[in-house]
Amino acid sequence: QVQPVESGGGLVQAGDSLRLSCAASGSTLNGLHVGWFRAAPGIERQFVASISRRGDRTWFAPSAKGRFTISRDNTKNTVSLQMNSVRFEDAAVYYCAAAPARSDYTGYYYSAAAYDYWGQGTQVTVSS
């Protein structure tokens, strides 16, 4: 059983940067497609970014493209989400999710339903 564990959330000033990390407790993220989602009060869980199991392909939501990067270090069994130029609307609970590589269809991993394993989330709060 893969159990993603997020870290790195906290309070960040608008315009600054924050780095979130995801590791797998007692297991490995290697060989899995890994995504980041976020949920804010009153807003359905949204896709933010994802990365292929080899780390050679990445996908971003329009709101994240150009500001966020996603990377993985398979030697350390971690996936990171670097958030730059953070905005007030980025405030949310961020979830790391992992899935076996089932599809080559680009849009497949935009859906939360594609992911089997979820972390508990880490809160990102944005201040002025």
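This structure is a prediction, so every number in the text was calculated from the model and none was measured.
- Shown here for Leu29 and Arg72, the closest heavy-atom pair between the two residues is O-NH2, 2.8 Å.
- For Phe37, the ring-ring contact (aromatic ring centres under 6.0 Å, His included) partners two or more places apart in sequence, or in a different chain, are Phe47, Tyr115, Trp118.
- Around the CZ atom of Arg19, the shell of radius 6.0 Å holds more than 12 heavy atoms that belong to other residues, nucleotides or ligands.
- Of all heavy-atom pairs between Ser85 and Ser17, the closest is N-OG, 4.3 Å.
- Rounding to the nearest 0.5 angstrom, the gap separating the CZ atom in Phe68 from the CG atom in Leu20 is 8.5 Å.
- To the nearest 0.5 Å, atom SG of residue Cys22 and atom CD1 of residue Ile51 are 11.5 Å apart.
- Criterion: ILVMFWY side-chain heavy atoms under 4.5 Å apart, direct or through other members. Under it, Tyr117 and Trp36 are part of a common hydrophobic cluster.
- Inter-residue side-chain proximity for Ser21 and Thr78 is flagged as unmet; no heavy-atom pair is nearer than 4.5 Å.
- Gln120 CD: 12 or fewer foreign heavy atoms inside a 6.0 Å radius.
- Atom CD1 of Ile70 is separated from atom CD of Gln82 by 12.0 Å, given to the nearest 0.5 angstrom.
- Between the side chain of Glu6 and the main chain of Cys96, a donor-acceptor pair closer than 3.5 Å is present.
- Counting heavy atoms from C-beta outward, Val124 and Arg38 have side chains that stay 4.5 Å or more apart.
- The OH atom of Tyr110 lies 8.0 Å from the CH2 atom of Trp59; values are rounded to the nearest 0.5 Å.
- Remark: the backbone N or O of Ser52 is not paired with any side-chain donor or acceptor of Arg57 at under 3.5 angstrom.
- Cluster annotation: Val48 is connected to Phe88 through the hydrophobic network of ILVMFWY side chains, with a link wherever side-chain heavy atoms come within less than 4.5 Å.
- When every heavy atom of Ser25 is checked against every heavy atom of Val5, the shortest pair comes out as CB-CG2, 3.7 Å.
- With hydrogens and angles ignored, the 3.5 Å screen pairs no side-chain donor or acceptor of Asn74 with any backbone N or O of Asn30.
- Heavy atoms only, all atoms of each residue included: Arg102 and Ala99 are closest at NH1-CB, 4.5 Å.
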Walk me through it: do Asn77 and Thr28 pass the test side-chain hydrogen bond (donor to acceptor under 3.5 Å, both in side chains)? CA-CA 6 Å; Asn77 192 28; Thr28 180; 3.1 Å; yes
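- Tyr94 contributes atom OH, which lies 7.5 Å from atom CG of Leu81 (distance to the nearest 0.5 angstrom).
- When all heavy atoms are compared, the tightest approach of Gly121 to Val93 is CA-CG1, 3.8 Å.
- In this structure, CD in Gln13 is found 7.5 Å from OG in Ser128, a value given to the nearest 0.5 Å.
- In terms of heavy-atom proximity, Ser50 sits nearest to Tyr109 at OG-CB, 4.2 Å.
- At a threshold of 4.5 Å between non-hydrogen side-chain atoms, the residues Val86 and Asp16 do not count as touching.
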